[in-house]
Each structure stands twice: as C-alpha cells, then as structure tokens.
Amino acid sequence: MRKRIISVLLCLGMVISLLSGCSGSKEGTNQVKTNTDTDTAQENSSAGDGSKKYKDFITVDVFDSLANYQGIQTGWFGKIVKDKFNMELNIISPNVAGGGETLYQTRSAAGNLGDLIIYPMSGGKLQDLVDARLIVDMTDMMSGEKNLEKYKEAIQFSNQNNSTTAGTWGIPSEVSVNPATKPLGGTTLNFGTYLRWDLYKQMGYPEMKTMEDLLPVMKQMQDMNVVSDSGKKAYAFSFFKDWDGSFMNIATQVASYYGYANTGFLWQKADDSAEPQSTLDDDSLYMRGLKFFYQANQMGLVDPESTTQSYDTVYNKYVDGAILWSPWPWLSAGYNSDKHKQEGKLFDTAAINDFKLYTWGCYAKGNPGVAMMIGSKAKDKERLMDFIDWYYSPEAITLITTGAKGVTWDMKDNQPQLTDLGYQCMTDPANTDMPQEQGGGKYKDGMSQLNYKTISAGEVNPDTGFPYDYSLWDSFTQKSLSDIEKDWQTHMNAKNAVDYFSKNNQIVVSPGSGYSTPAEASDITTIRNQIQEVIKEYSWRAVFAKDDNEYNKYIKDMKETALGLGYDKVLEVDKANAEAQKQARAAVVK
C-alpha cells in the first residue's frame, strides 16, 4: 500500500496528460492509428456474428507491456476481433509511449490500468495489482471457458505462486504440454548472430571463433554494401531503446550468446553449470557486451540514429536493407522477401565457434514473466473473459501464427499447406496486400499487435495434428528453396539454425520451471530502480564514447555510482533469488 501512495503522489500531476495521450506516440505517426483507421475497421467489419451475442460495440483499452505498437488494432486481425466480439482493441504500449514504468504508475494511480492487461506476474507485480484492486478475480467467469480448462494446472500454479490472495487473477503465457527440458521449438533460436549471408558468402565465409571476430567481418561487409535499397547509408549495427529495462538491451545479447540470462543484477547460466556473474564485474558478459559495441562504434559500424529511434523504425530499416546484422531472427526476417531471395540476398545465422546459445525450455507450468488479466474497470468483463479463452484456442493460435484457414493456408492431402497468398504473407509480410474482404492493408500491419504468446512455439495443433508453426510443415520445408537458401544449407550442413546448433552442441536449455522472483522490500526496489537508470545511462554513454579514456571514465563512473547507491545490498537479494531459481530448475528436471 505504501508503494501505491507514493505512486499517487508522484504521478497525480501527470495523470491527465498521459491518460489523454495514451493513444499518442513519441515516435510520431507510423505507430499511431487515427480515428480514420478506426472508422475503416468498423466499416470493414460490420457483418460479423459478434454483434448477435454482444449487442453493443465497445473499444477495449489494452495495457500491453509487450506491444511495440500503440493505437487501434486494424487490418485482418482487427476485423476478426470485430467480427467475433463486436469490439476493437486500443493498445496502450509503454514501449512506444516511453517512460516505461512511468506510464504504468500513472495509470495505476488513476485506478484504471486498462480493460485488458498484459503484464508480468512475477516480482510481486501480480500482488501489487491485486492489492490495488486494478484487476479482477476471474475464477467464476472461467466456468465453461473450454480452451483455458486444459491449462488449469499451470494457471493455478502461477496464481498461487504469485499472489497470497486466493483467486484466478492472471493467465500465464507460453503454457505447454511438453517437458520443461524440451526447447521451445521452431526452426530458429531466439538468439544468434544473423547477418547478410549473401555478403558473407562473397567474403568466403570467414571463420569466427569468438564474438569479437565478428567485428572485422562486419567492417568488410559494410564496406561492400554502402547503401540500402532506397539509397540510405547502411550500417552493420543499429539499436533502439524501447526494450531497455534494467540494462542497455543490446549489450545483454552477448550474455545470451554464452548461455546466461539475468536475475536482477546477477547473470545466471541456463543450466546452472557455472557460477553467476555480477553485472559490474570487470569480466562479466554485460561488460563484454558494452566493450564489443563500443569497439563497433569506434570502427564506424553503428547507426548514429540508434540513440533516438524506435523498434518500428529499426524494423523498417531491415526491410530496406539498411542494417547488416541482427541479434534476433525475427527482426531481420522482413528482409527475406521473395524478391531479395531471387536476387540472391538473404539474412541468416552465421556460426561462431564458442557460442552456447541460451534457450528456454517449455513452460509446463506457464511463464509468469507475463500474463493476461482483466481490469477492474472493464466495461464488459464476461466478453473479455471470452476473448482471453478464444485467444488460447487452436483457432486463434493458428490465426496469429499463420492467418485464416482458406485464405493464407488450407488442408490439402490431409496436411496443412500455405496458399500462394499465405506464402507471400509469411515470407514478405510488409509488402503483401490483404484482400479488402479480409480487412485490407498489408499483412504485417494487420497481424495481432498484442505481441503475446499464449503457448510454446513448437506446440501441435490438435485440429490438424501438425505444429502451429508453418515453418515446421513438410509442405513448407519441401517447397523449392532459392539458391541463396540452398547455399546456406550446404555451407552449414544443416536444415535450419536449430538443426545446426543442436548438432554442434551449442545450445544450453533453461528448464521451464515457472519460477517467479518474489516481491521485495520497497527500499530495495527504490535502490534497484535508481541503479537501473544509472546503468542504462552510462552504458549508452560508454558505447558512444569518443575514445578509450572517455569509455573507461563512463564505466568507472557507472560502477562507483551504482555501488554508492547500494548495489551490493540489492545484489544479495538477487543472489538469493538466483539460488531459488536454481533449485526450482533442478526440481523440474528430476
């Protein structure tokens, strides 16, 4: 309660302006849909069955901590939501709005976070929402919601682990029926070093033994490819701040390459086979990440717009060919259009010999890292409960991963296959138009902007008997590959990234234990928040330092300031949490 009172005092003066601005954006028009878009969506969706069950059309405010988009959900998915539920989704995104926790605190202080809420359960966050009466107990409403019934055990586990108040307050994400030690699935891993394979091929596939060997490769690659498709200056590396939480996000990727993820300020190996690292240790992987990107900037390889641009801006640069390296496969995938592949151009992963890529195991007990909840001020809670249940259904999961049956995919010879339109949508979503009767617009713009995973990636659709992920379908993998894709398979001697890194023992799995960090004392949270801001500020300064002296000064200042604020006191809490997580992971693999 004390935290809530403080929040009120801090945020009261900002409530009106931020609430009224929650459909706005710091980045301008490309991420914010206007009333005209809303009108169009309603016009396109006027004939759905949703209005028979739900008489009144409503706009649902969705507070979504994962979304990279803010505004009304439009396009083909917006039409489906309108048709089925006679409602539209107005997404409120801290990532886009800026300020992160500030927007959460402001809306919380006003007593209305949103109608539908996508937010973490762990770290005491669920209990805070319950205590502040910002969310409702869904227990009674879940009766008859058949899709959630199969995940009942995971739902109970997550709620009991994250709230001392009995009730069903949230539905955990990424639930799975698979063992906790099985990787989440798919043909790619979340982490890796993805680069312009066509340029790498021209260079003769130089061997890279460690992460640092990537720098001269990227320097040569940038020299070979000076401009993008539209004639803009191309850079090896380009960053954004939207996802900076406790750290400069891009610097944390290096830890992922060597099998580590953070528990607070402590870095813990996925299988607990090594001692955890403190962020501020001279030889920590986070410090290695900062040094790596500082060196890249010194070599002229980093996009100078990195300090001000958004995720959306960076994505569009990938589509345009203005960036030559990516830490994630899905960010650079927009470049791999049929046109580029037919031109012999491709983004794909390269090998670095000492990588041990961090991989999540399936969440048999659900992922409490984020969950779906219903706000206490929601206009029609029963309808939102129906929506959540549907969002966990095979129908919705298929829609989100592969689009609509009969439109982008269909059953043929008892197997799911992409239609011609579906193949274009999956391989070139940013440039593929959807039929007007499906909502119109580009396929990418019409995808669900909630950015929320209900189940693990490799789950099987019970309605088809095949994985939801189309990239695992034989009909897709056996489709004629372009010459550049065949070149990747031949050189890597593998079908895909998962196949390569599995065969070379370069994956380390974090068992999906469902562990949640407990709530911490308010003084620890206050210190932690202060230190996080210090680490982020000085990390960005260090990466863009003008020379070694300035870089070393920023690193020194970061350490001294963080230690002066009480870093060691917070680290003791993180060590206890890391040990608890270690025990939870050990228990789930027995």
Side-chain angles (χ1 to χ4, degrees), residues 3 7 26 63-68 70 92-108 113 117-126 128-129 173-174 190-191 239-256 260-268 276-280 284-287 289-290 293 306-307 309-311 314 327-328 331 358 360 367-371 451-453 510 515-520 524-543 558 562 565 567 570-571 573-574 577-578 581:
K3 279 197 294 186
S7 298
K26 68 175 181 177
F63 184 88
D64 189 345
S65 61
L66 298 178
N68 299 304
Q70 183 155 275
I92 300 161
S93 167
N95 285 344
V96 176
E101 188 70 8
T102 301
L103 182 60
Y104 168 81
Q105 294 291 352
T106 303
R107 295 187 66 89
S108 298
L113 194 54
I117 299 166
I118 296 176
Y119 196 69
M121 303 175 88
S122 58
K125 296 183 183 302
L126 179 66
D128 286 347
L129 292 171
S173 59
E174 295 187 274
N190 191 61
F191 305 110
F239 317 138
F240 57 94
K241 290 184 175 179
D242 302 14
W243 296 354
D244 285 6
S246 302
F247 308 98
M248 181 185 188
N249 183 278
I250 191 66
T252 68
Q253 302 310 309
V254 175
S256 305
Y260 284 75
N262 74 297
T263 300
F265 296 134
L266 202 67
W267 294 86
Q268 197 171 4
Q277 302 177 353
S278 166
T279 297
L280 298 184
S284 76
L285 285 163
Y286 183 72
M287 290 298 175
L290 293 180
F293 290 112
S306 293
T307 58
Q309 64 192 354
S310 70
Y311 170 90
V314 170
W328 309 293
L331 182 56
Y358 190 100
W360 293 284
N367 180 3
V370 67
N451 196 25
Y452 179 86
K453 296 178 182 177
S510 169
Y515 171 77
S516 298
T517 54
E520 63 189 14
I524 294 295
T525 299
T526 299
I527 298 170
R528 184 187 300 281
N529 290 340
Q530 292 171 338
I531 293 172
Q532 286 175 173
E533 295 307 311
V534 168
I535 289 176
K536 286 186 287 188
E537 178 184 348
Y538 281 96
S539 292
W540 279 93
R541 288 187 185 187
V543 167
M558 176 172 70
L565 288 168
Y567 177 86
V570 178
L571 196 64
V573 174
D574 294 338
N577 291 339
Q581 175 162 249

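What you see below is based on every heavy atom in this structure, not just the backbone, and it leaves out hydrogens, waters and symmetry mates.
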* To do: State whether the side chain of Ser173 and the backbone N or O of Asn367 hold a donor-acceptor pair below 3.5 Å, judged by distance alone.
  =>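 Judged by distance alone, yes, a pair lies under 3.5 Å.
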
* Asked: Quick one: does Ser284's side chain have a donor or acceptor within less than 3.5 Å of a partner on Thr279's backbone?
  -> yes

* Taking the inter-plane angle between the rings of Phe240 and Trp328 on a 0 to 90° scale, is it parallel (under 30°), tilted (30 to 60°) or perpendicular (over 60°)? ->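 Aromatic pair Phe240/Trp328 classed tilted.
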
With side chains defined as the heavy atoms from C-beta onward, is the minimum distance between [X] and [Y] less than 4.5 Å?
{"X": "Met558", "Y": "Met287", "answer": "yes"}
{"X": "Ser108", "Y": "Leu113", "answer": "yes"}
{"X": "Asn95", "Y": "Tyr311", "answer": "no"}

* Asked: Would Asn262 and Gln268 satisfy side-chain contact (heavy atoms from CB on, under 4.5 Å), going step by step from the backbone distance to the final call?
  -> CA-CA 6 Å; Asn262 74 297; Gln268 197 171 4; over 6 Å; no

* To do: Verify the ring-centre separation between Phe247 and Trp267: is it less than 6.0 angstrom?
  =>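 Yes.
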
* Asked: Would the Phe293 and Trp540 ring centres measure less than 6.0 Å apart?
  -> no

* Donor on one side chain, acceptor on other, Tyr104 and Ser65, under 3.5 Å -> no

* Asked: Does the pair Arg541 and Glu537 meet the rule for a side-chain contact (heavy atoms from CB on, under 4.5 Å), with working shown?
  -> CA-CA 6 Å; Arg541 288 187 185 187; Glu537 178 184 348; 2.6 Å; yes

Looking at every non-hydrogen atom in both residues, tell me the closest pair between [X] and [Y] and how far apart they are.
{"X": "Leu571", "Y": "Ser278", "result": "CD2-OG, 3.8 Å"}
{"X": "Leu280", "Y": "Tyr567", "result": "N-OH, 3.5 Å"}
{"X": "Leu266", "Y": "Ala578", "result": "CD2-CB, 3.7 Å"}

